[in-house]
2 protein chains.
Amino acid sequence: MSEVTIKSIAKALNLSPATISRALNDSHEIKQATKDRVLAYAKAHNYRPNTFAKNLKTGKTNLIGVVIPFLSSPFFLEFIEELYKAVIPLNYTLLPFQTQNREELEKEALLFLRQQNVAGIIISPAHENSNVSLLEDIHVNSCPVILFDRIQHGLRTHKIGIHNSMETYQVTEDLLQKGRKRIAFLCGKDIGNTKDRIRGYKNALHNHAVPFLDKYIIYADYQDPNQDIDEELKTTLSRLKEQDLLPDAIVGGTDTLSIKILGILAGLKLRVPEDVAVIGFTNTNLADYLAPALSTIRQPTQEMARLALELLIELIEKTSNRADQNFKNFLLAATTTYRQSTPI
Amino acid sequence: MSEVTIKSIAKALNLSPATISRALNDSHEIKQATKDRVLAYAKAHNYRPNTFAKNLKTGKTNLIGVVIPFLSSPFFLEFIEELYKAVIPLNYTLLPFQTQNREELEKEALLFLRQQNVAGIIISPAHENSNVSLLEDIHVNSCPVILFDRIQHGLRTHKIGIHNSMETYQVTEDLLQKGRKRIAFLCGKDIGNTKDRIRGYKNALHNHAVPFLDKYIIYADYQDPNQDIDEELKTTLSRLKEQDLLPDAIVGGTDTLSIKILGILAGLKLRVPEDVAVIGFTNTNLADYLAPALSTIRQPTQEMARLALELLIELIEKTSNRADQNFKNFLLAATTTYRQSTPI
DNA sequence: TTGTACGCGTTATCAC
DNA sequence: GTGATAACGCGTACAA
């Protein structure tokens, strides 16, 4: 890579490599004149420090690993974008990885990150108990790890998420108060967050004396590329209609599904919100451009990203033992916005 | 980072470090028995080679830098996702960076990537002549660079894109043949591709003897966060309407705008496609879920990503001089899909 | 088939 | 203030 090194500068300037190194690092024990000479030469000859040598010597990097399930989910994309912004002034560099919700891919990513000697890791794990011991090992022995979003996970560290059950409780209750009684919940396959979200939904029904129907929990495996979710959802809804059980409201439990459902309802000639009200978790900026404009529950990605980074850096700088420390759960508030897809 | 090193293994097994190194690298000059011993010990003690020492020694990495304007644009997101998939079996690792279309950020990213000693770089530059000399320097002296998407750029290397003018010519002609005469073109601020896209649009008008109107090139700076594009576009369209110049068709020149325009037209109570037909460049999977379903021109991201990677790796493995070599332009075919937003 | 010795570029610990 | 020198962990020419 670089041709001009500390050594070559030393030779050229008739100084020792040690002096060059110190000058370049602005050490106080080098006199200004020498510093100037060195810096000038370095700049003129386009000196670029060798990261590998430096890391080899110091054992430190300013890399931050980010491990998420998907980039294609609006929430994670937004989160990453916020991280990118927040990281610049702090002079850290991001190494983002996707797991596709697969523990194996997650493991590879984590091993790679450890090998890159990253300063810290921010992760939304593939599932509740994926790579727990590896993460534990990394967190205790290599570098601090922060959890976000999917915080139902065994690792003992700071966790940043939202109060899922509370959010779904709230929107379900709102729908009930608008007179909707047949509220369905649409969700992906058992991720930790889903459970909590369903719990809030059920509690709201319960507290309003509306019977819970198994059929109204609609699962769709939107990760399986072989599965045609659109068709599947269409069939499910058609069948419910035949049984005279068509929901009059749907709560979307995940980013992807929340967006899709509108198109699917349109395909079934169902009017939103007249026939079916729709609201869903999603962080898409497109909510306003959908027809009808989609009511959404948005996670505070910016806050989450900044907090994650802040906590991580605190742990990075603190050298104390991470095995036994007081870690906290941070549950931030989501923002529910009612648009045309729900009755106002 | 790692505690167990080649040295420590050597000591433990009463062998020399060199033997360990060779055994770990499966050298043919080490007998199987020794290899087995070493590998077994390494595995048992969870040996992890130090990337930095290795890189320092070999001067090589298997990192591939990817530099794009935005992650939040469906096209680039799709492209990156394809790269992620394609890169796994090849045992390379991606380092993605965003430039926000800003040359300065692009420069930082490039400098960082060079410092990381990446094996190669795939880039869609911030603009036509951004960092040309730096890229040239990197390409010639450090590692191969491949251009994609925004291929109107001075760097002499392989370039992968689509035939922009041809694609817009085609859709404009299609609209004309459906009887639309007042076709507007919606675009971001002067990126290379935009020029070509406008050219195709103009040529189609010309060949069909439809006069070109300056007013029908509608610019919107969707990158400027301070600007409310929605309001801006609304005003522009309203004004055209007042002048009795409301377009009867709009061609969207960029991902972001193509999606937004539907919501804006709805806000103006204009019917799509009856009043205004809409078609646009965009790689979003949501086209079908918009109302009406959006007609789109999709770039072949998968093909582009795979080709970019293939060409890059070819250059990486070929050690020949990259200053004077035969580089090619690859213009792949986009896929136009007509949906409800255009008359069929 | 294995060992010795050296160097990659940097920083840190001494000495002067 | 500055200079030797060693060391980080690894790969490899050369020797044995």
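We name chains A, B, ... by the order of the sequence lines, and we start the count at 1 in each one.
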* Return no unless some side-chain N or O of Ser21(A) is found under 4.0 Å from OP1 or OP2 of dT11(C). => yes
* dG9(D) P sits how many Å from Gln115(A) CD, rounded? -> 14 Å
* Asked: What's the CG-C1' distance between Asn55(A) and dG9(C), to the nearest Å?
  -> 12 Å
* With side chains defined as the heavy atoms from C-beta onward, is the minimum distance between Phe97(B) and Leu110(B) less than 4.5 Å? -> no
* Which of residues 11-18 of chain A have a heavy atom under 4.0 Å from DNA chain D? -> Asn14(A), Leu15(A), Ser16(A), Ala18(A)
* **Flag side-chain contact, heavy atom, 4.5 Å: Phe70(B) against Asn101(B)** => yes
* Asked: Considering only side-chain heavy atoms of Ala53(B), which listed nucleotide, dG9(D), dT2(C), dT2(D), is closest?
  -> dG9(D)
* Mind checking whether Met304(B) and Phe75(B) have side chains closer than 4.5 Å, heavy atoms only? -> yes
* side chain to side chain contact (heavy atoms under 4.5 Å, CB included) partner of Ile122(B), chosen from Leu83(B), Ile160(B), Ile80(B) -> Leu83(B)
* Minimum-distance nucleotide to Arg22(B) side chain [options: dT2(D), dT1(C), dG3(C)] -> dG3(C)
* Distance, rounded to the nearest Å, where Phe52(B) contributes CZ and dG9(C) contributes C1' -> 14 Å
* Asked: For Thr34(A) and dT2(D), is the shortest distance between a side-chain N/O and OP1 or OP2 below 4.0 Å?
  -> yes
* For residues Leu307(A) and Leu332(A), report the shortest heavy-atom separation together with the two atoms involved. => CD2-CD2, 4.3 Å
* Structure fact -> Rounding to the nearest 10°, end axes of the helix from dT1(C)-dA16(D) to dC16(C)-dG1(D) built from five pairs each make an angle of 40°
* dG3(C) OP1/OP2 closer than 4.0 Å to side-chain N/O of Thr19(B) -> yes
* To do: Have a look at Leu56(B) and say if it touches a base, only the backbone sugar-phosphate, or nothing, with a 4.0 Å heavy-atom cut-off.
  => base
* Got a sec, which residues hit ring-ring contact (aromatic ring centres under 6.0 Å, His included) with His153(B), two or more places apart in sequence or on another chain? -> none
* Structure fact -> Whole-Å distance, Asn50(B) CG to dG9(C) C1', equals 14 Å
* To do: Return the nearest nucleotide to the side chain of Thr5(A); candidates are dT11(C), dG9(C), dA4(D).
  => dG9(C)
* Under 3.5 Å donor-acceptor pair, Arg48(A) side-chain atoms to dG9(C) base atoms -> no
* Asked: Between dA6(D) atom P and Lys7(A) atom NZ, what is the distance in whole Å?
  -> 13 Å
* Would you call His139(B) and Phe327(B) a side-chain contact if the rule is heavy atoms closer than 4.5 Å? -> yes
* Report the distance from atom CG of Asn117(A) to atom P of dG9(D), rounded to the nearest whole Å. => 11 Å
* For the pair made of CG in Asp26(A) and P in dT2(D), what is the distance, rounded to whole Å? -> 13 Å
* **Passing option when Asn131(B) is tested against Glu106(B), Lys107(B), Glu136(B) for side-chain hydrogen bond (donor to acceptor under 3.5 Å, both in side chains)** => Glu106(B)
* To do: In whole angstrom, give the distance that lies between atom CZ of Arg37(A) and atom P of dT2(D).
  => 9 Å
* Among dT2(C), dG1(D), dA7(D), which is the nearest nucleotide to the side chain of Lys57(A)? -> dA7(D)
* Heavy-atom check, side chain of Gln116(B) versus side chain of Thr51(A), under 4.5 Å -> yes
* How would you label the contact of Asn25(B) with the nucleic acid (heavy atoms, under 4.0 Å): base, sugar-phosphate, or nothing? -> sugar-phosphate
* Asked: Quick one: are Asp26(B) and Lys35(B) in side-chain contact, heavy atoms under 4.5 Å?
  -> yes
